[in-house]
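To keep things clear, I will list the structure first and then write my remarks on it.
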Amino acid sequence: MNIVEVETLSEIQKEQIVTIWNKAYPSSLKYDNLEAFDQYLSTLNQVKHYLIKDEEQIIAWLSTFVRENEKWFAVIVEASYQKKGMGLHLIKQVQKDEKELNGWVIDHHLLKKSDETPYISPLQFYLKNGFELLPEIRLENEKISAVKIRWNKDMSEKNTFLNQKD
């Protein structure tokens, strides 16, 4: 499972990511066209993309970027590859490179994906993998209701050390 790191995405890569995005995320977050996704990407600073491919097809994407002096991330795994370690593989790779990661996570099961199936919150995945929940910090708008999560290398290393002492 090879991870490719790039600073800019090709048009084909963007198309593949939008396809995955529109299938995996709630329909309220859907991009109607590539220009809308390009507009989203243009708002991000100091961007790095991490891609996992099967042949030439992207099956998982993680992007890091800086927002308000914090390192943030977004991640998507193609539906047929979910629960096979792709997301964890990407997260672990980025955790080697970064001291902190922040993200928004939908923390409820009220939304539906484009195919009308329920969107299942990945919150437990993040908590199981060293992220902390910041319940007092929420993103609430017409498209999304989400809670902030944060992973910190110093805290993660401290917890690993404490767990080894037990």
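The model shown is predicted, which means the values in this text are computed figures rather than measured ones.
The environment of CD in Glu7 is sparse: at most 12 heavy-atom neighbours from other residues, nucleotides or ligands sit within 6.0 Å. Counting heavy atoms of neighbouring residues, nucleotides and ligands inside a 6.0 Å radius, atom CD of Glu136 exceeds 12 of them.
For the pair Arg150 and Glu100, the salt-bridge criterion is met [side-chain N within less than 4.0 Å of a carboxylate O]. A salt bridge links Lys148 with Glu70: the distance from a Lys NZ or Arg NE/NH1/NH2 to an Asp or Glu carboxylate oxygen falls below 4.0 Å.
The stretch residues 111-121 participates, sequence neighbours left out, in these side-chain hydrogen bond (donor to acceptor under 3.5 Å, both in side chains) pairs: Asp115-Thr117. Sequence neighbours left out, the pairs with a member in residues 29-42 that pass side-chain hydrogen bond (donor to acceptor under 3.5 Å, both in side chains) are Lys14-Asp38. Listed by first and then second residue, the ring pair (Phe, Tyr, Trp, His ring centres under 6.0 Å) pairs that reach into residues 76-112 are Trp72-Trp104, sequence neighbours excluded.
Contact between Gln82 and Val77 at its shortest, heavy atoms only, is NE2-O, 2.9 Å. Of all non-hydrogen atoms in Asn141 and Lys143, the two that sit nearest each other are OD1-N, 2.7 Å.
In this structure a side-chain-to-backbone donor-acceptor pair under 3.5 Å is present from Asn102 to Lys71. A side-chain donor-acceptor contact under 3.5 Å links Trp21 to the backbone of Leu29.
Cluster membership check: Val18 shares its hydrophobic cluster with Val4, using side-chain heavy-atom separations under 4.5 Å among Ile, Leu, Val, Met, Phe, Trp and Tyr. Under the 4.5 Å side-chain contact rule for hydrophobic residues, Ile137 and Trp151 do not share a cluster. In the hydrophobic clustering of ILVMFWY residues, with side-chain heavy atoms under 4.5 Å counting as a link, Val105 and Leu134 come out apart. Placement of Val66 and Leu101 in two distinct hydrophobic clusters is found when ILVMFWY residues are connected by side-chain heavy-atom separations under 4.5 Å, directly or transitively.
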Q: List the steps, then state whether side chain to side chain contact (heavy atoms under 4.5 Å, CB included) holds for Phe125 with Leu88.
A: CA-CA 9 Å; Phe125 165 81; Leu88 181 60; 4.1 Å; yes
Q: Could you go through the side chain to side chain contact (heavy atoms under 4.5 Å, CB included) check for Asn45 and Phe65 one step at a time?
A: CA-CA 6 Å; Asn45 296 310; Phe65 51 93; 5.9 Å; no
(Q) Set out, in order, the CA-CA distance, both residues' side-chain angles and the distance that settles side chain to side chain contact (heavy atoms under 4.5 Å, CB included) for Phe73 and Val94, then state yes or no. (A) CA-CA 9 Å; Phe73 78 102; Val94 173; 5.8 Å; no
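Listed by chain and residue number, Lys23 satisfy the side chain to side chain contact (heavy atoms under 4.5 Å, CB included) test with Thr19 (two or more places apart in sequence, or in another chain). Considering only residues two or more places apart in sequence or on other chains, Gln16 meets the side chain to side chain contact (heavy atoms under 4.5 Å, CB included) condition with Ile12, Gln57, Ile58. Not counting sequence neighbours, the partners of Glu78 by the side-chain hydrogen bond (donor to acceptor under 3.5 Å, both in side chains) test are Ser80.
Residues Trp61 and Leu90 fail the side-chain proximity criterion, which asks for heavy atoms closer than 4.5 Å. Put simply, the side chain of Leu34 reaches to within 4.5 Å of the side chain of Glu15, judged on heavy atoms. At a threshold of 4.5 Å between non-hydrogen side-chain atoms, the residues Glu5 and Asp97 count as touching. Between Leu9 and Leu51, some side-chain heavy-atom pair lies under the 4.5 Å cut-off.
In this structure, the separation between CZ on Phe131 and CG on Leu123 is 11.0 Å, given to the nearest 0.5 Å. With rounding to the nearest 0.5 angstrom, the CG atom of Asp107 is 10.5 Å from the CD atom of Gln124. To the nearest 0.5 Å, atoms CG (Leu41) and OG (Ser63) are separated by 7.0 Å. For the atom pair CD1 of Ile106 and OG of Ser28, the computed distance is 6.0 Å after rounding to the nearest 0.5 Å. Note: Asn2 CG to Asp54 CG = 12.0 Å, rounded to the nearest 0.5 Å. The line from CG of Leu62 to CD1 of Ile91 is 5.5 Å long, rounded to the nearest 0.5 Å.
For the side chain to side chain contact (heavy atoms under 4.5 Å, CB included) test with Tyr25, the passing option among Ile20, Leu111, Ile76, Ile144 is Ile76; the others fail.
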